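These notes are about the structure you will find just below.
Because the structure is predicted, anything quoted here is derived from the model rather than measured. Just the heavy atoms: all of them, side chains too, but no hydrogens, waters or symmetry mates, feed the values below. Letters A, B, ... mirror the listed sequences (proteins, then strands); counts begin at 1.
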Amino acid sequence: MRWSKTLHTTLRDEPQEAEIASHKLLIRAGYVRRVSGGLYTFTPFGVRVLRKVENIVREEMNRAGAHEILMPALQPIELWNISGRASQMGASMFSLKDRQNRTMVLGPTHEEVVTDYIAHEISSYRQLPCTVYQIQTKFRDEIRPRFGLMRAKEFIMKDAYSFDVSMEAADISYKAMYDAYVRIFERCGLDAKAVEADTGNIGGSHSHEFMVLAPSGEDGIINCSGCGYSANQERAERNTSGSEFSTKNGEPEDVPTPGARTVEEAAQAVGVSPEQIVKSLVYLADGKPVLAIVQGTREINECKLRRVLGCSILELADDETTVKHAGPVGSLGPAGVNLPIYADTGLKGARDVVTGANKEGFHTRHVSIEDSVTVKAWVDIATVVAGDNCPKCKEELSVQRGIEVGHVFKLGTKYSEVFDASFLSAERTSNVMVMGCYGIGVTRTMQAVIEQNFDENGIVWPASVSPYQVTLLELDAKKDENCRIVTENLEKELEENGIDVFVDDRDERPGVKFKDADLIGCTVRVVVGKRALEKGGVEVHIRKTGETRIIPLADVIPAIKKALAE
RNA sequence: CGGGGUGUAGCGCAGCUUGGCAGCGCGUUUGGUUCGGGACCAAAAGGUCAAGGGUUCAAAUCCCUUCACCCCGACCA
């Protein structure tokens, strides 16, 4: 392809809408154009990269034995009523009516459709195991789309679903997908790592997220250098056996703390450190109020709390509800409250702490949680932070940021039961299939590749997903007819050797061409110009390393092949 | 949904406080000079100043309403 024949444009200025490097570069280099919040047009260059990522995913899925299918993006709401997720997904699902006034949704995911499909298709254990996948557009009405393709309202996802005769068999399918994911991200040039993850409203017992480490990532990842434990901050646990509290404990005593609403203010008013405050919060678990308590300097982790409560909707109660069931906001305490109380395990053995007195403007000091509070359950509900101890080996934990590019779930029978996806076993009994589901955000992965591969001049594409493997700059074309001929021949030769090449044949000054080539970021840059031709060759430059060499014309193809293979 | 901010040429922005001809840089077009890391000179095209309403002799500018977008938070396979 020649630049003069394309509609490709680059931007000199940074787009005002973009925050992170990969988003700025996607726009500046001309890979995507914003249509509206969270919606993007992929330019011809953008599509080329996208297709390369998709094909890597497709090849690895096929290699893992999965079968490609294509399901509709538009789905009848009935399927979602069957699974019960219509209400659960709620506002995050785009919904519309057809002219018959039937409610349709734009699929945010496809567990319902695929389970319904497989339930009709498979009836015998002989047809199992079976894994199907598709690469398709998903829709989610994100509250706040951001970072370009990272969190968009419409995006491309690869979603795969496995069906097995038993839990044990499902583990094998899960492992096959897990391994395929490792290969996929590696082939995309990504440094990704698998971490234990929360299953969220999709359900299921066990899951791993594949994270691309990047400071701009939206997720926190907890790591243990001692044993390799790694988990999403949403789910990460900690060892609390070492918690130290005062051994002495005076008589509980109310002290006035007028106007103190935050932990900091309360600590100041009582004259203790914030660590000695116990924070109490009322939550509504599927509408039922509960009280959660945690050390004042810690955050309650709502994902973990939701898991231990086993509810689907968990929200912080508003002030009115809090006052009605417990006590005044700001002076809320666990003592004497008639609600199920869930105490963070970090508070076990806590003595001489300060809680709200459930009296406006008062806190109680010298409280022993175990003596004064009727705890329904001791549970790990605090968010793990750097410096906490590993739940497995007690080493100190650290935190990194990551971009979630893939997620694998052991689903169990949540969907197969309600959609009656059952089969007849060899023993002639009817059994429910055990499912797994596996997603990769394809468009997000494309942007994540940039987030991990750029420098001050632009994108640095790995060869596997570079829009063109080679950018060929034609310089001095007006001065020297020979430059044009060499460019033309080289273009032809590269194409004949199966190497994608993009020729910058614009009537531009060399500086412009160099800048654009760096910005666009193809893996190898070849310059045809008088300078090198006089030495009998062309210049071959590796974008990533910056290495430049003049290669004799006869040796160019092998030299490029070698560079692309590295 | 709460808080903050921004809407002016394709892109990036000034002008708004204190009302008085619609501006700058980049990009685009034409001509010329230049030509190995985002050139220079000259000329030109390109605008419903987000939309609607109001105040005023006069509104990009002041007031009201609406919309869009961005940021923080809540939320989120």
Quick one: label [X] by what it contacts on the DNA or RNA (base, sugar-phosphate, nothing), any heavy atom closer than 4.0 Å.
X: A:Gly37; result: sugar-phosphate
X: A:Glu539; result: base
X: A:Ser36; result: sugar-phosphate
X: A:Glu302; result: sugar-phosphate
X: A:Asp516; result: base
X: A:Arg28; result: base

State which residues pass salt bridge (Lys or Arg N to Asp or Glu O under 4.0 Å) with A:Asp219; sequence neighbours excluded, sorted by chain then number.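 Residues passing salt bridge (Lys or Arg N to Asp or Glu O under 4.0 Å) with A:Asp219: none at all.
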Whole angstrom value for the distance that separates [atom2] of [N] from [atom1] of [X]:
X: A:Glu508; N: B:U34; atom1: CD; atom2: C1'; answer: 13 Å
X: A:Arg34; N: B:A68; atom1: CZ; atom2: P; answer: 12 Å
X: A:Met157; N: B:C76; atom1: CE; atom2: P; answer: 17 Å
X: A:Arg543; N: B:G37; atom1: CZ; atom2: P; answer: 17 Å
X: A:Glu234; N: B:C75; atom1: CD; atom2: P; answer: 11 Å
X: A:Glu218; N: B:C72; atom1: CD; atom2: C1'; answer: 13 Å
X: A:Ile143; N: B:C76; atom1: CD1; atom2: P; answer: 7 Å
X: A:Arg85; N: B:C76; atom1: CZ; atom2: C1'; answer: 13 Å

Criterion salt bridge (charged side-chain N to carboxylate O under 4.0 Å, His left out) on A:Arg28 and A:Glu14, from CA distance to verdict: CA-CA 7 Å; A:Arg28 272 196 67 209; A:Glu14 287 200 341; 5.3 Å; no
Mind checking the C1' distance from B:C16 to B:A60? Whole angstroms is fine. 7 Å
Taking the same atom, P, in B:G10 and in B:U18, what whole-Å distance lies between them? 31 Å
May I ask you to evaluate whether A:Arg531 reaches the phosphate of B:G36, defined as a side-chain N or O under 4.0 Å from OP1 or OP2?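 Checking B:G36 against A:Arg531, no side-chain N or O comes under 4.0 Å of OP1 or OP2.
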Encode nucleotides 3-13 of chain B as B, S and - characters from 5' to 3', where the letter depends on protein heavy atoms closer than 4.0 Å: B to the base, S only to sugar-phosphate, - to neither. --------BSS
Would you say A:His67 and A:Thr131 are linked by a side-chain donor-acceptor pair, where the criterion is simply a distance under 3.5 Å?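 The answer is no; no qualifying pair exists.
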Mapping A:Pro510 and A:Lys153 onto RNA chain B by nearest heavy atom, which one lands closer to the 5' end?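 Closer to the 5' end of RNA chain B: A:Pro510.
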Nearest heavy atom decides the nucleotide; on that basis, is A:Lys138 or A:Asn457 closer to the 5' end of RNA chain B? A:Asn457
Could you identify the nucleotide paired to B:C24, looking across every strand shown and requiring Watson-Crick or G-U wobble geometry with both distances under 3.5 Å?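 For B:C24, the partner nucleotide comes out as B:G12, under the 3.5 Å rule.
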When both hydrogen-bonding distances must be under 3.5 Å and the geometry is Watson-Crick or G-U wobble, what is B:U33 paired with, if anything?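 When the pairing criteria are applied, B:A39 turns out to be the nucleotide that pairs with B:U33.
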Quick one: does A:Lys513's side chain have a donor or acceptor within less than 3.5 Å of a partner on A:Asp504's backbone?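 Between the backbone of A:Asp504 and the side chain of A:Lys513 there is a qualifying donor-acceptor contact (under 3.5 Å).
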Hey, is the main chain of A:Ser4 close enough, under 3.5 Å, to the side chain of A:Asp505 for a donor-acceptor pair? yes
Salt bridge check: are A:Lys530 and A:Asp476 linked by an N-O gap of less than 4.0 Å? no
Flag the pair A:Tyr174 / A:Phe409 as yes when their ring centroid distance falls below 6.0 Å, and as no otherwise. no
Side chain to side chain contact (heavy atoms under 4.5 Å, CB included) between A:Arg525 and A:Glu539: does it pass, once the steps are laid out? CA-CA 8 Å; A:Arg525 183 188 77 200; A:Glu539 227 175 80; 4.1 Å; yes
